[in-house]
S.K.: 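Provided herewith is a single structure, encoded as structure tokens, for subsequent inquiry.
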Amino acid sequence: MNRHRISFTTAALGAGLAFLYAPLLVVMVNSFNASRLVTVWTGFSPRWYGELFADRQILDAALNSLIVAVCSASLAVVVGTTAGYVFARFGYFRGRAALSGALAAPLVLPDVIAGLSLLLMFVALEQTFTWLPGRGLLTIVLAHASFTTAYVAIIVQARLAGMDREAEESAADLGAKPFAVFRAITLPMIRPAVAAGWLLAFVLSLDDLVIASFVSGPQSTTLPMVVFSSVRLGVSPKINALATILIVVTLALLSVAAWMGRATLKQK
Amino acid sequence: MSALVRIEAVSKRFGAVTAVDDVSLDVRENEFLALLGASGCGKTTLLRMIAGLETPDSGKILIGDEDMTAAPPYARPVNMMFQSYALFPHMSVEENVAFGLKQDGLRGAELSARVREALAAVEMEGLGPRKPHQLSGGQRQRVALARCLAKRPRVLLLDEPLAALDKHLRERTQLELTALRARLGITFIVVTHDQSEAMAMADRVAVMEAGRILQVAGPREVYERPANQAVARFFGDINLWRMEGGRIPELGVAVPMAPAGSMAAVRPERISIARGNGALSGVVRDVVYLGTATTYFVQVSAGETVRVLAPGGVMFQRGEGVSLSWPPEALAVLPP
Amino acid sequence: MSAKLRRRAVLALPWLWTVLFFFLPLALVVKISLATSQLSVPPYSDFFARTNGAVTGIRANLDNYGLLFSDALYVKAYLSSVKIAAISTVLALLLGYPMAYGIAHAAPTRRPLLLVLVTLPFWTSFLVRIYAWMGILRPGGTINTALQALGLIDEPLRLLNTPGAVYLGIVYAYLPFMVLPLYARLEKQDPALLEAAADLGARPWQAFLRVTLPLSLPGVLAGCLLVFIPAVGEFVIPELMGGPDTLMIGRVLWNEFFTNHDWPLSAAVTVLLLIVLVVPVALFQTVQARAEKRL
């Protein structure tokens with residue numbers, strides 16, 4: 001009877017994983033289909049990759065996305081690490097619940113809400129202080145960092161919570177002032193969490209369509225915005241190729257991250 | 001003034017719990033003081049307040065006649081060895097030891113000389129480049145000790161320094177710690193829950209319970225002349241009887257006069273057991289053989305059972321009639 | 001610098017951040033939802049009535065909210081969003097629970113790999129994943145082609161741009177959010193509990209119903225909220241996979257903003273969406289806070 005139950009869950013697990021991966025495989029296979037109609041397999045061809053790399057609009061958008069992702073992830077890591085540290089190490093302070101609620105809200109709130117509210121804020125800043133006129137990549141960077149910060153904070157806080165406080169206390173006892181303790185002890189010990197947070201923030205930024213659509217200016221188009229407007233019109237072989245590249249790049253990035261994480265684990 | 005660390009009426013609460021309750025204590029220059037008590041008695045909180053890792057709610061802490069109550073940990077001439085050792089996992093042994101010295105601005109040849117000196121003091125010279133995870137438990141403890149010693153603190157605070165070691169290593173380390181203290185002339189304050197550890201190492205023992213200090217005295221005194229019942233019970237087995245007008249009614253023996261409600265305390269090993277009748281006679285009810293000694297539970301004629309610890313093997317059998325006696329100084333009179 | 005001052009300085013950064021990027025934007029949404037749409041830059045009326053620069057009155061009004069409640073389209077959109085999100089959440093739970101259970105009961109050495117396999121798609125682009133399904137479901141897509149080749153159908157089935165496709169898309173996109181909290185809960189459960197239940201005479205399914213399931217309920221709740229809340233406001237999935245009649249509030253908001261350029265009305269839609277979500281979000285916060293305390 002035991003075996004029966006286990007085989008059911010194994011089957012469910014297998015089906016679930018197949019459900020998760022089959023669509024990605026289909027896209028990857030189709031990206032090498034020579035046919036423009038993407039309907040029938042007419043033969044292997046890398047031609048769509050060639051067309052993809054000749055498309056200036058997509059390339060420009062990809063560059064924009066990369067710039068935004070790197071900048072917003074770096075900003076999110078600074079703020080998110082601070083916030084994670086505050087929640088893990090400061091104990092009770094006034095407004096703790098409000099701060100953590102406000103910080104974590106973007107984790108669940110629908111993108112359309114974040115997108116519209118951030119846009120209205122940027123417009124108000126422009127109206128009142130003439131800051132960030134016309135909006136552009138910088139507003140996307142800030143908007144992305146505003147929601148990815150929460151992810152970094154959660155990862156860093158979890159890491160700090162699981163970490164012995166005595167190492168930090170010991171450093172203070174040995175004469176290190178608070179900032180020196182943070183730099184010499186805390187930061188090196190949470191480095192894997194900070195790196196993971198950066199990577200997650202980077203990927204989330206690269207992926208965002210809705211928020212970027214709201215806060216971007218007319219000159220600043222990101223890759224998901226281009227993909228979206230193209231996909232809206234239907235399936236296109238060029239997008240298959242782009243999707244395949246995105247999948248492969250993500251997997252490669254994650255493998256490197258996992259490998260690095262393993263290396264640091266071993267070091268411990 | 002000979003007190004190097006002076007604790008004046010210090011209290012500390014965590015929420016509803018009073019961890020340290022109006023404690024005053026003087027620690028002398030070059031003394032080895034043990035803070036002894038069960039877990040949760042407030043001994044670690046007291047140690048952490050001396051280190052500056054907790055701030056007292058009230059009271060004062062003076063170190064070398066200077067008020068350090070509000071001073072941050074990094075500004076105090078004391079160093080602490082943590083129970084977990086708290087070695088920095090991402091630094092080598094040398095870097096760990098050098099950490100505190102670098103905070104004092106030491107660099108170059110002087111820094112490496114001091115690191116070498118500290119590692120030599122704990123016989124860890126060859127292991128400088130290793131990382132903490134490559135060390136055994138005993139080696140880690142030595143590195144933690146060297147890291148503190150390198151700073152040449154006036155007071156060394158040790159939180160359960162032997163708790164993480166196995167039994168064999170514990171005894172050796174105990175001897176090494178006492179030797180080290182004698183050689184360096186540093187004041188040691190050790191927190192421990194193990195009374196034999198405290199007795200073996202300390203010049204004075206401060207027994208704590210529920211945030212208060214019950215007694216501060218030399219090991220022999222706290223053992224033989226406990227200030228109250230709690231201290232008496234803390235140091236192993238003891239016979240406790242109510243005293244009434246110069247008598248112990250439960251035994252039917254005469255004792256010196258004491259205030260009403262006082263208790264008489266006699267350690268089981270101070271009681272002599274012999275065949276035949278005497279001033280206090282009884283029957284052996286239970287025998288527990290311990291190897292180096294034997295415990296007898298003797299029921300005296302008044303009905304009370306007396307615990308007796310006699311050296312050597314089993315000399316008396318269950319049901320045998322025996323007489324008990326003790327020298328007058330073996331009886332301690334405790335307040336109610 | 002004193003310890004207190006230093007603490008305040010560190011705290012200032014996250015506070016400043018949340019004020020600027022959370023509290024202030026939300027306050028502005030409320031404020032602008034009370035304005036009137038007009039042709040100007042920005043395209044909404046001033047909060048105050050001014051004469052020669054001096055504030056002479058308040059021009060805020062509730063007209064937008066009146067419209068939302070009087071026009072059946074908006075009410076229907078809210079209801080249908082909640083319905084679609086709820087159905088998708090239940091479907092994700094039905095698929096996610098056995099998966100989480102399977103991982104939690106797999107050999108400990110295999111668990112990390114299985115977890116990675118479940119989370120990996122989440123790291124690949126959301127848009128790409130939705131796009132992949134479009135390729136599979138559309139009239140000339142993988143499924144229809146296969147079925148036609150097998151001679152099972154003559155005409156392509158309408159799979160894409162249906163409510164079913166929207167459910168599928170939401171389940172697919174948010175499945176990891178369901179599996180992870182469930183797994184975290186199930187993995188913590190002491191296997192001895194099930195052994196004790198068996199020892200006391202419980203059949204496996206009884207043990208599951210009376211031990212495993214009740215103990216995993218906090219994980220179920222967390223997973224459901226993590227799927228439900230973002231799904232209610234989902235825009236991309238109904239836009240790309242739903243039909244023209246798939247009414248969801250995220251889509252309505254998008255159209256009011258990008259097509260009709262009615263910022264005040266969009267803001268009002270957002271405020272009402274937030275109100276719809278207040279209860280589930282508050283519930284989520286309590287679940288999180290409790291989990292944090294238990295740590």
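Chain letters run A, B, ... following the sequence lines, proteins first, then strands; residues in each count from 1. Nothing here was measured: the structure is a model prediction, and the numbers come from that model.
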S.K.: For chain A, find which of C:Pro121, C:Pro230, C:Gly102 contributes the most heavy-atom pairs closer than 4.5 angstrom.
M.R.: C:Pro121
S.K.: Would you mind checking which part of C:Ile249 comes under 4.5 Å of any heavy atom in chain A, side chain (CB onward), backbone (N, CA, C, O), both or neither?
M.R.: neither
S.K.: Give the member of C:Leu11, C:Leu24, C:Leu273 that has the highest number of heavy-atom pairs under 4.5 Å with chain A.
M.R.: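 Most pairs with chain A among the choices: C:Leu11.
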S.K.: Among the options C:Trp123, C:Trp263, C:Phe126, pick out the one with the most heavy-atom pairs lying under 4.5 Å from chain A.
M.R.: C:Trp123
S.K.: Taking all heavy atoms of A:Arg232 and all of C:Phe235, pick out the closest pair and write down the distance.
M.R.: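 For A:Arg232 versus C:Phe235, the nearest heavy atoms are NH2-CZ, 4.2 Å.
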S.K.: So which of A:Ala83, A:Gly101, A:Pro178 has the biggest tally of heavy-atom pairs under 4.5 Å with chain C?
M.R.: A:Pro178
S.K.: Report all side-chain donor-acceptor pairs from residues 102-121 of chain A shorter than 3.5 Å, counting only partners two or more places apart or in another chain.
M.R.:
residue  : atom : partner  : partner atom : Å
A:Ser117 : OG   : A:Ile113 : O            : 2.9
A:Ser117 : OG   : A:Ala114 : O            : 3.2

S.K.: At a heavy-atom separation under 4.5 Å, does C:Phe22 approach chain A through its side chain, its backbone, both, or neither?
M.R.: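 For C:Phe22, side-chain heavy atoms alone lie under 4.5 Å from chain A.
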S.K.: Using non-hydrogen atoms only, which part of A:Leu75 is less than 4.5 Å away from chain C: side chain, backbone, both, or neither?
M.R.: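 For A:Leu75, the contact with chain C is made by the side chain alone.
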S.K.: Could you give the distance from CG (A:Leu20) to CG (C:Leu117), rounded to the nearest 0.5 Å?
M.R.: 9.0 Å
S.K.: Quick one: what part of A:Val123 sits under 4.5 Å from any heavy atom of chain C, side chain, backbone, both or neither?
M.R.: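 The side chain, not the backbone.
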S.K.: So which part of A:Thr244 gets closer than 4.5 Å to some heavy atom of chain C, the side chain, the backbone, both or neither?
M.R.: neither
S.K.: Give the member of C:Leu114, C:Leu16, C:Leu277, C:Leu120 that has the highest number of heavy-atom pairs under 4.5 Å with chain A.
M.R.: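 Of C:Leu114, C:Leu16, C:Leu277, C:Leu120, C:Leu120 has the most heavy-atom pairs under 4.5 Å with chain A.
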S.K.: Find the one option among C:Val236, C:Val232, C:Leu20, C:Val281 whose heavy-atom pairs under 4.5 Å with chain A are most numerous.
M.R.: C:Leu20
S.K.: Who wins among C:Val269, C:Val116, C:Val10, C:Val171 for the most heavy-atom pairs under 4.5 Å with chain A?
M.R.: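 That would be C:Val10.
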S.K.: Check each atom of C:Phe258 against the heavy atoms of chain A and say whether the ones under 4.5 Å are side chain, backbone, both or neither.
M.R.: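 Side chain only.
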S.K.: At a heavy-atom separation under 4.5 Å, does A:Glu126 approach chain C through its side chain, its backbone, both, or neither?
M.R.: neither
S.K.: Check each atom of A:Phe179 against the heavy atoms of chain C and say whether the ones under 4.5 Å are side chain, backbone, both or neither.
M.R.: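 Nothing of A:Phe179, per the 4.5 Å heavy-atom cut-off to chain C.
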S.K.: Using a cut-off of under 4.5 Å for heavy-atom pairs, which of A:Leu206, A:Asp208, A:Leu200, A:Ile247 has the most such pairs with chain C?
M.R.: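 Option with the greatest count: A:Leu200.
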S.K.: Check whether C:Leu95 gets within reach of chain A through its side chain, its backbone, both or neither, counting any heavy atom under 4.5 Å.
M.R.: side chain
S.K.: In the structure I gave you, are the side-chain heavy atoms of A:Phe87 and C:Pro14 within less than 4.5 Å of one another anywhere?
M.R.: no
S.K.: Taking every non-hydrogen pair under 4.5 Å, which of A:Val27, A:Val86, A:Leu99, A:Leu246 racks up the most with chain C?
M.R.: A:Leu99
S.K.: How are the rings of A:Phe19 and C:Trp133 set relative to one another: parallel (under 30°), tilted (30 to 60°) or perpendicular (over 60°)?
M.R.: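 Ring orientation of A:Phe19 relative to C:Trp133: tilted.
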S.K.: Starting at CZ of C:Arg7, measure out to CZ of A:Phe93 and round the result to the nearest 0.5 Å.
M.R.: 7.5 Å
S.K.: Against chain C, label A:Ala15 side chain, backbone, both or neither, depending on which of its atoms sit under 4.5 Å from a heavy atom there.
M.R.: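 For A:Ala15, neither part sits under 4.5 Å from chain C.
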S.K.: With a 4.5 angstrom heavy-atom cut-off, could you sort out which part of C:Phe228 is near chain A: side chain, backbone, both or neither?
M.R.: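 The answer is neither part of C:Phe228.
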S.K.: Which atoms of A:Val26 are under 4.5 Å from chain C, going by heavy atoms: the side chain, the backbone, both sets, or neither?
M.R.: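 Contact with chain C involves the side chain of A:Val26 alone.
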S.K.: For chain C, which candidate among A:Leu209, A:Val78, A:Leu142 shows the most heavy-atom pairs at distances under 4.5 Å?
M.R.: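 The answer is A:Leu142.
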S.K.: Measure the OG-CD1 distance between C:Ser125 and A:Ile245 for me, rounded to the nearest 0.5 Å.
M.R.: 13.0 Å
S.K.: Evaluate the ring planes of A:Phe214 and C:Trp254, with Trp represented by its six-membered ring, and classify them as parallel (under 30°), tilted (30 to 60°) or perpendicular (over 60°).
M.R.: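 Correct class here is perpendicular.
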S.K.: Please tell me if the side chains of A:Val227 and C:Tyr131 come closer than 4.5 Å, counting only heavy atoms from C-beta onward.
M.R.: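 A side-chain contact under 4.5 Å is absent here.
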S.K.: Please classify the contact between A:Val231 and chain C as side chain, backbone, both or neither, with a heavy-atom cut-off of under 4.5 Å.
M.R.: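 Both the backbone and the side chain of A:Val231 come within 4.5 Å of chain C.
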S.K.: I'd like to know which of A:Asp207, A:Thr250, A:Leu25 tops the heavy-atom pair count under 4.5 Å against chain C.
M.R.: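 The option with the most such pairs is A:Asp207.
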S.K.: Counting only non-hydrogen atoms closer than 4.5 Å, does C:Ser266 touch chain A with its backbone (N, CA, C, O), its side chain (CB onward), both, or neither?
M.R.: both
S.K.: Using 0.5 Å steps for rounding, measure from the CG atom of A:Leu242 to the CG atom of C:Leu127.
M.R.: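 Taking CG in A:Leu242 and CG in C:Leu127, the distance rounds to 9.5 Å.
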S.K.: Check each atom of A:Arg94 against the heavy atoms of chain C and say whether the ones under 4.5 Å are side chain, backbone, both or neither.
M.R.: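 When you check distances to chain C, only backbone atoms of A:Arg94 fall under 4.5 Å.
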